[in-house]
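Sequence lines set the chain letters: A, B, ... in the order given, protein chains first and strands last, and positions in each chain run from 1. Note that the structure is predicted; figures quoted are calculated from it, not measured.
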Amino acid sequence: MDSAVFTPQAAFTLGELEAKFPPRNLPDGARVTRFGPSPTGFMHIGGLYTSLVSRRVAHQSGGVFYLRIEDTDKKREVEGTVDLIVSSLASYGLSPDEGEIADGQEIGAYGPYRQSARMPIYQSCVRWLLEQGHAYPCFASAEELQALRDEQAKRKVQPGYYGSWAIWRDKTEAEVEAALAAGLPFTVRLRSTGGRDERVTLPDTIRGDLEFPANQTDVVLLKADGMPTYHLAHVVDDHFMRTTDVVRGNEWLASYPMHAQMFALFGWTPPRFAHISPIEKQDSGSRRKLSKRHDPEASVGWYMEAGYPKGAVTEYLLNLIDGRFEDWRVANPGVSHEEFAIELDQMSRSGALFDLAKLDSVSRDVVGAMSAKEIYDAALVWASAHHPDFAVRFAQDAEYSQAILDIERHGERPRKDIVRWEQLPTDIGYFFDDRYAELLGEAQEAFKALQPPAPAGLLTKVAADYDPALDRDQWLEWLRDLGLGFGYAPNAKTFKAAPDQYIGHFGDLAGVLRVVLAARRNTPDLHEMMQVLGKVRVAARLSAAVDW
RNA sequence: GGCCCCUUCGUCCAGUGGUUAGGACGCGGCCCUUUCACGGCUGAAACACGGGUUCGAAUCCCGUAGGGGUCACCA
């Protein structure tokens with residue numbers, strides 16, 4: 001029978017494909033890796049993780065990292081996902097060297113890079129398999145397949161389409177013709193060659209040699225709609241795209257024998273495999289994969305909304321990949337994390353638990369190392385997308401905004417209170433007069449609750465005498481002096497030594513000013529804060545509070 | 001259930017026959033201090049269990065247990 005019936009879109013011989021997609025001309029040792037997401041409406045943090053590993057492995061070796069869209073399941077496909085994937089990768093500095101770089105636009109000589117556009121290639125390969133007798137059409141319906149599984153469950157045998165359970169494996173040509181004539185839908189299946197006691201070895205880059213029973217299942221290669229399954233597409237694409245290292249989740253471990261068999265049948269040398277463990281999450285005692293349904297932090301979008309700096313997410317991921325990154329970071333402050341080399345064979349075999357506290361800590365350090373300008377730029381981008389009100393305020397006077405961010409950021413030990421941009425509106429909102437007006441109620445309440453209460457005349461005096469030109473030491477001396485006149489001890493020690501002689505100490509005085517100026521007790525350095533607010537604002541706020 | 005993978009402080013990672021089992025996050029204490037952060041010092045905290053091999057085991061071997069993955073015309 002003419003196998004073209006089952007592969008109507010086949011257009012090439014294997015030889016033609018070999019010529020069309022020749023081995024890459026790369027330096028010795030160069031690795032070609034890829035990221036192959038399915039566009040199902042979501043960009044998983046695990047995808048970022050895998051891409052980070054893959055891209056680095058490729059680039060460290062002078063190789064190529066490409067993006068391949070695995071859109072062979074049109075039922076699950078969600079429009080707009082490709083865009084999301086492309087832009088997510090781009091914003092974390094993980095853009096591919098080949099593949100889709102913008103919606104519908106791709107670069108590279110090994111494409112197309114969307115599997116749905118590669119039908120002629122897959123079908124050509126399957127046609128060859130059919131001709132060699134390594135594949136056959138299967139007309140079994142979903143119901144028949146289910147009945148098969150039920151029977152297997154009843155008899156307590158291995159479930160699956162294999163051996164004598166593979167009902168269409170040995171049908172006669174006449175039976176196939178009849179099914180075809182009846183217009184029954186069909187799939188094309190692999191005619192498995194795996195022996196009963198045969199074993200195959202997977203030389204995994206991360207895990208070392210792993211042994212499995214050889215594949216015995218007549219897996220589906222071409223679905224009823226003519227699309228390839230993952231298994232076929234993986235083998236064909238990674239061969240013709242000349243992938244040298246397949247980096248993928250360890251959920252694929254069990255299907256390796258299937259893939260190995262296909263590579264062998266085609267006569268192709270399989271790539272190296274590195275099966276990485278997914279990021280997991282603690283869930284009432286046990287752990288499980290970070291799931292798109294239950295865990296918001298599984299989505300890359302979550303990190304964007306929270307306003308984690310891009311570098312923080314990357315460095316956290318780097319941390320999971322190799323804990324020595326931390327030591328490297330300490331030894332190489334200011335160096336781009338791009339410089340840190342990843343070694344596949346050093347990766348952890350067990351899955352890492354997602355740790356928000358650790359991410360926050362990494363982020364604190366990353367933000368701590370940024371300049372006010374860098375923070376301003378990144379935070380403004382975030383605010384424009386996620387907090388328009390704040391964006392307006394923040395953008396109005398860029399110089400003022402940056403001065404706010406620069407408080408305690410210019411010395412040896414920068415402030416590390418910012419973890420994500422999301423905090424900014426509440427943390428520095430009081431610097432802006434319109435926002436401060438909204439906080440007035442809170443300020444008054446806190447002011448009234450002050451212990452000891454602010455002495456009469458204090459605010460007026462500070463408002464009148466404050467000189468922004470004073471440097472830190474002069475300011476301290478001035479304010480201590482001034483406070484002494486109102487009964488505040490110059491420091492806590494003095495106060496403790498003679499509590500009856502004072503109403504409080506310098507810290508209490510600073511507290512009064514903080515509450516009035518910022519509507520809160522915890523603010524950055526008061527001296528710098530007042531300088532940034534400026535004489536006019538300071539005086540206005542203090543004077544207005546005299547009547548509270 | 002079959003097959004496969006994994007197992008060092010709560011978490012992440014070091015440690016590949018001889019270490020007081022190390023670092024980081026988190027947590028506690030102390031110090032610094034105008035609050036909050038920062039920083040410094042310090043403390044509690046782990047080799048899943050049982051057998052071997054060995055003068056000696058977190059490290060090698062065999063079991064057991066626990067956790068995870070996979071057995072689709074989803075990837």
Under 3.5 Å donor-acceptor, A:Ser192 side chain and A:Gly194 backbone: yes
Phosphate OP1/OP2 of B:U35 contacted by A:Thr523 side-chain N/O (<4.0 Å): no
Sugar-phosphate, base or nothing in reach of A:Ala357, heavy atoms under 4.0 Å: sugar-phosphate
Partner nucleotide of B:U64 by Watson-Crick or wobble geometry (both distances under 3.5 Å): B:A48
Sugar-phosphate only, base, or nothing, as touched by A:Arg520 at under 4.0 Å among non-hydrogen atoms: nothing
Donor-acceptor pair (no angle test) under 3.5 Å: A:Arg287 side chain, B:U11 base: no
Sugar-phosphate only, base, or nothing, as touched by A:Arg207 at under 4.0 Å among non-hydrogen atoms: sugar-phosphate
Who pairs with B:G22 - Watson-Crick or G-U, where each distance is under 3.5 Å: B:C13
Touch class at under 4.0 angstrom, heavy-atom based, for A:Asp417 against every strand present: sugar-phosphate
Touch class at under 4.0 angstrom, heavy-atom based, for A:Glu412 against every strand present: nothing
Touch class at under 4.0 angstrom, heavy-atom based, for A:Pro185 against every strand present: nothing
Sugar-phosphate only, base, or nothing, as touched by A:Thr40 at under 4.0 Å among non-hydrogen atoms: nothing
Sugar-phosphate, base or nothing in reach of A:Ala153, heavy atoms under 4.0 Å: nothing
Upstream residue (5' side of RNA chain B) when A:Ala510 and A:Asp327 are each assigned their closest nucleotide: A:Asp327
Base paired to B:G2 (Watson-Crick or G-U; both N/O distances under 3.5 angstrom): B:U70
B:C36 base / A:Arg514 side chain donor-acceptor hit below 3.5 Å: no
Sugar-phosphate, base or nothing in reach of A:Leu526, heavy atoms under 4.0 Å: base
Sugar-phosphate only, base, or nothing, as touched by A:Leu476 at under 4.0 Å among non-hydrogen atoms: base
Sugar-phosphate only, base, or nothing, as touched by A:Glu326 at under 4.0 Å among non-hydrogen atoms: base
Sugar-phosphate, base or nothing in reach of A:Arg415, heavy atoms under 4.0 Å: base
Sugar-phosphate only, base, or nothing, as touched by A:Arg329 at under 4.0 Å among non-hydrogen atoms: nothing
Closest non-hydrogen atom pair, A:Arg349 against A:Ser277: O-OG, 2.7 Å
For the student: nearest non-hydrogen atoms of A:Leu318 and A:His337, plus distance: CD2-CB, 3.8 Å
P-based separation of B:U59 from B:U7 [nearest Å]: 12 Å
Any-strand Watson-Crick or G-U partner of B:C27, both distances under 3.5 Å: B:G43
